[in-house]
Participant: 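Got a structure for you, questions after.
Lettering follows sequence order; numbering is per chain, from 1.
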Amino acid sequence: MFLELEKEVEQVLREALEKASYEYKELEAGLDLEESEHADIASRVAFSLARAYKQPPEIVAADIVNHLEIPAEHTLISNAVAAGPYINFYVNEFFLHKTLQRIKEGIEPAKKKDKIIIEHTSANPDGPLHIGHLRNAIIGDVLVRVLKRAGYDVETHFYVNDMGKQIGIVVWGAERIALTENKKADHAIADVYIAANRMVEENSAFLKDVESLMRKYEAGDEVVTKKYETVVKKCLSGIQASLNRLNILHDLFVWESEFVREGAVEEVIEELKQKGNIKFDSSGSALLVQLEGIDKELVIQRTDGTSLYTARDLAYHRWKSNRCDRVIDVFGKDHELVSQQLAKALQILGVKVPEFVIFEFVSLPTGSLSTRAGRYISADELMEKIEARAYNEVNKRRRDLNEDKKREIARKVGIGALRYDMVKVSPDKHIVFDFKDALDIEKKGAPFIQYSHARACSILRAAEEQGFSMEDYEPTLLKENSEKELIKKLSKFWYIVEEASSELKPHLVAKYARELAESFNLFYKDCPVLNANEELRKARLVLVECAKIVLSDTLDVLGIEAPEEM
RNA sequence: GGGCUCGUGGCUUAGCUUGGAUAAAGCACCGGCCUUCUAAGCCGGGGAUCGCGGGUUCGAAUCCCGCCGAGUCCGCCA
């Protein structure tokens, strides 16, 4: 409902500016609306007009307000006040009623036309997901959820890097080292990878074997392909299990080798040879592309004629582009240069350029993460520990619940806390992972929000048991400050979805979720629902139901489950 | 050496794109609130020269320049 309010304020303001004969169209900042602690919505337009018309902004603001007329009917605004240079707008009762009504009836904004393909996680199938991948996966998944809510048709891809050297090493290793039994597949693969990598490092003759495997795989050798598939699928099954546990699903797993087999990589290389500024290295056989505005040439083919990931990535992106309107890639900071090169090369090929969401690194106090060196904390280990921790908390608080119930709540709270902590921080902040902090779920994160939801459910449950109805509720009875503040907060859900999706900033949703829970808790404290008189109780029950809906929707956008009790 | 990102109370962060109302939260610390719907909650308190220096502006955490510190990338790994 906040979006509608914004539109109406814009219109009213525009009319006032015209009446007062201000040329607002030239203003760069537009009407400069903002959320404000001093008003329900405010405009700073007087500042920029003040400059253009050489008047103090306070005078301009007062002048605009004098010309401002709020339509008598069907308006959402009650009044507008000039507060110094600011123009403050306040909502009326109708806005509050309409907000509740919309939420209760489940009215959503119109669908958008664009189809978006978003790629995230895309961890190499050489071991389990670690906490670095976790950040990618969670940022990516929240983006997917936000974009879907915003009305886009979204397809999610996991790009499987099955042709790189590390997979060659794993396949080579799997021929010599037995997989540890009764260990999760991706973890068993990591053991092989780490051991095989050490062997290859110590004996360069082994490297030749690996390279030979890679050439055979690229050439489509049947026996080698079987071996690759077995290993990669095994690892992927483990990775997928971890992702599922985190409530993350991909629509498609796209293997990079497909593009080699289908000849798409060959096509891309040929086309670049024609359209691009091609160079050869000093040995005369590796293929380089000179890109405008980037110092480093992009290497797309090895000296031995095999393709590089860059060429395969180009083929993959061209294929993706043809299937949608927008391509979004969630990449780690280490891929930034590569992503720029990719974008330039795609331009040469006449393919639309992807949008990149780049997130900074997660490192350990002891240094950066590395699967190869065995220096990582797996997502599985973290999930295990955080669920155990959550279980302790549940067990402390709810001895009355049976074991299954406690486990279920612990799972929701643990995974929720993990997801929330990862998504709440802006992607361009470097994170040094600390186990103690990660397990400290006392903080005002997911559990705080889930708890508010559980409280709402608990009231609704009791109301139903006692047969209280919400029919013919009278929204004007909701006069308490905490009631109105909660409704206003509820009204911002779609506004936040819009903002987070258009700016590709998932952490905005996390911030909103916390504020929403805070508003609900204030209301909960201030306003008894079940013990209120019948009419007031009806209205408050409706408010509780709406709060429950928006809390659970917000949590859903964050990919966090909303327990009915905890 | 060059590119990109970050640097906000003791700790973790929001705000920076688009400059504007006393810099906003959480953790930790101090004090208060369970005979009314779950205290994973609520209320109050102390604590910040927004890394440092300069510039632009009526106005800078926000824009520009320089410096310092952290991370990351810089042709045949992905």
Participant: Could you go through the side-chain hydrogen bond (donor to acceptor under 3.5 Å, both in side chains) check for A:Arg455 and A:Asn521 one step at a time?
Facilitator: CA-CA 9 Å; A:Arg455 278 178 150 180; A:Asn521 282 335; 3.0 Å; yes
Participant: For nucleotides B:A70 and B:A78, find the distance between their P atoms and express it as a whole number of Å.
Facilitator: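 Roughly 31 Å separates the two P atoms.
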Participant: Using the P atoms only, state how far B:C30 lies from B:A24, rounded to an integer number of Å.
Facilitator: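 Going atom to atom, P in each nucleotide, I get 24 Å.
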Participant: Would you indicate which nucleotide in B:C42, B:C6, B:A39 comes nearest to any side-chain atom of A:Asp428?
Facilitator: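 The listed nucleotide nearest to A:Asp428's side chain is B:C6.
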Participant: Mapping A:His430 and A:Arg312 to their closest nucleotides on RNA chain B, which lands nearer the 5' end?
Facilitator: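 So the residue in question is A:His430.
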Participant: In Watson-Crick or G-U wobble terms, both distances under 3.5 Å, what is the partner of B:U18?
Facilitator: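 When the pairing criteria are applied, nothing turns out to pair with B:U18, so the answer is none.
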Participant: If I take atom CD in residue A:Glu34 and atom P in nucleotide B:U62, what distance separates them, rounded to the nearest angstrom?
Facilitator: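 Whole-Å distance recorded here is 18 Å.
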Participant: Checking base pairs now: Watson-Crick or wobble, both atom distances under 3.5 Å. What partners B:C76?
Facilitator: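 Paired with no nucleotide.
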Participant: Would A:Arg537 and A:Phe468 count as a cation-pi pair here, with the cationic atom under 6.0 angstrom from the ring centre and within 45° of the axis?
Facilitator: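 Cation-pi check for A:Arg537 and A:Phe468: passes.
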Participant: Using the P atoms only, state how far B:G53 lies from B:U8, rounded to an integer number of Å.
Facilitator: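 Here B:U8 and B:G53 have their P atoms 15 Å from each other.
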Participant: Compare the minimum distances between each of B:U18, B:A78, B:A40 and the side chain of A:His335, then state the nucleotide with the smallest one.
Facilitator: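 Minimum distance to the A:His335 side chain belongs to B:A78.
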Participant: Name the residue closer to the 5' end of RNA chain B, choosing between A:Ile459 and A:Arg302 according to the nucleotide with the nearest heavy atom.
Facilitator: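 Checking each residue's closest nucleotide, the 5'-ward one belongs to A:Ile459.
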Participant: With sugar-phosphate meaning primed atoms plus P, OP1 and OP2, does A:Leu337 contact a base, only sugar-phosphate, or nothing at under 4.0 Å between heavy atoms?
Facilitator: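 Counting heavy atoms under 4.0 Å across all strands, the contact made by A:Leu337 is with sugar-phosphate only.
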Participant: Rounding to the closest angstrom, what is the interatomic distance between B:U35 and B:A48 at atom C1'?
Facilitator: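 Pairwise C1' distance, B:U35 against B:A48, rounds to 43 Å.
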Participant: Remember a base hit wins even if backbone is also touched, and classify A:Cys457 as base, sugar-phosphate or nothing at under 4.0 Å, heavy atoms.
Facilitator: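 Here A:Cys457 touches no strand at all.
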Participant: Side chain to side chain contact (heavy atoms under 4.5 Å, CB included) with A:Arg398: which of A:Asn395, A:Asn402, A:Leu401?
Facilitator: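 Running side chain to side chain contact (heavy atoms under 4.5 Å, CB included) over A:Asn395, A:Asn402, A:Leu401 with A:Arg398 returns exactly one hit, A:Leu401.
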Participant: Quick one: which of B:G41, B:A14, B:A25 gets closest to the side chain of A:Val425?
Facilitator: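 The answer is B:A14, which lies nearest to the side chain.
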Participant: State which of B:U72, B:C43, B:A39 makes the closest approach to the side chain of A:Leu522.
Facilitator: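 Taking heavy atoms from C-beta onward, the closest nucleotide is B:C43.
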Participant: Please check this pair: side chain of A:His250 against backbone of A:His120, looking for a donor-acceptor N/O pair closer than 3.5 Å.
Facilitator: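 At least one qualifying donor-acceptor pair exists.
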Participant: Given that both distances must come in under 3.5 Å, which nucleotide forms a Watson-Crick or G-U wobble pair with B:C29?
Facilitator: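 By the stated definition (distances under 3.5 Å), B:G45 pairs with B:C29.
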Participant: Pick the C1' atom in B:C11 and in B:A21, then give their distance to the nearest Å.
Facilitator: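 Their C1' atoms lie roughly 30 Å apart.
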Participant: Are any of A:Lys429's side-chain N or O atoms less than 4.0 Å away from OP1 or OP2 of B:A14?
Facilitator: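 Checking B:A14 against A:Lys429, a side-chain N or O does come within under 4.0 Å of OP1 or OP2.
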Participant: Can you identify which nucleotide, out of B:A78, B:U5, B:C42, has its nearest atom closest to the A:Asn161 side chain?
Facilitator: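 So the side chain of A:Asn161 is nearest to B:A78.
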Participant: What distance, rounded to whole Å, do you find between the two C1' atoms, one in B:U5 and one in B:G51?
Facilitator: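 Straight-line distance between the two C1' atoms is 15 Å.
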Participant: For atom NZ of A:Lys208, is the number of surrounding heavy atoms from other residues, nucleotides or ligands below 6.0 Å larger than 12?
Facilitator: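 Check fails, neighbour count at 12 or below.
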Participant: Please state the P separation for the pair B:C52 and B:G10 - nearest whole angstrom.
Facilitator: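 Rounded to whole Å, the distance is 13 Å.
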Participant: Mark yes or no for a side-chain to base donor-acceptor pair under 3.5 Å between A:Ser458 and B:C37, with no hydrogen or angle criteria applied.
Facilitator: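 No.
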Participant: Suppose you measure atom P in B:C16 against the same atom in B:A61; what distance do you get, rounded to whole Å?
Facilitator: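 After rounding to an integer number of Å, I get 14 Å for this pair.
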Participant: Which listed nucleotide (B:A40, B:A78, B:C4) is nearest to the side chain of A:Val413?
Facilitator: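 That would be B:A40.
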Participant: Let's test your reading of the model: under 3.5 Å, does the base of B:A39 pair with the side chain of A:Asn521 as donor and acceptor?
Facilitator: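 Answer is no: no donor-acceptor pair is held.
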Participant: Can you check whether A:Phe259's main-chain N or O pairs, donor with acceptor, with A:Arg312's side chain at less than 3.5 Å?
Facilitator: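 Not confirmed, A:Arg312 side chain does not pair with A:Phe259 backbone.
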Participant: Does A:Gln166 reach a base, just sugar-phosphate, or nothing at all? Heavy atoms under 4.0 Å.
Facilitator: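 The answer is sugar-phosphate, as A:Gln166 gets under 4.0 Å only of primed atoms, P, OP1 or OP2.
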Participant: Closest approach to the side chain of A:Glu360, judged atom by atom: which nucleotide of B:G75, B:G41, B:U5 is it?
Facilitator: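 So the side chain of A:Glu360 is nearest to B:U5.
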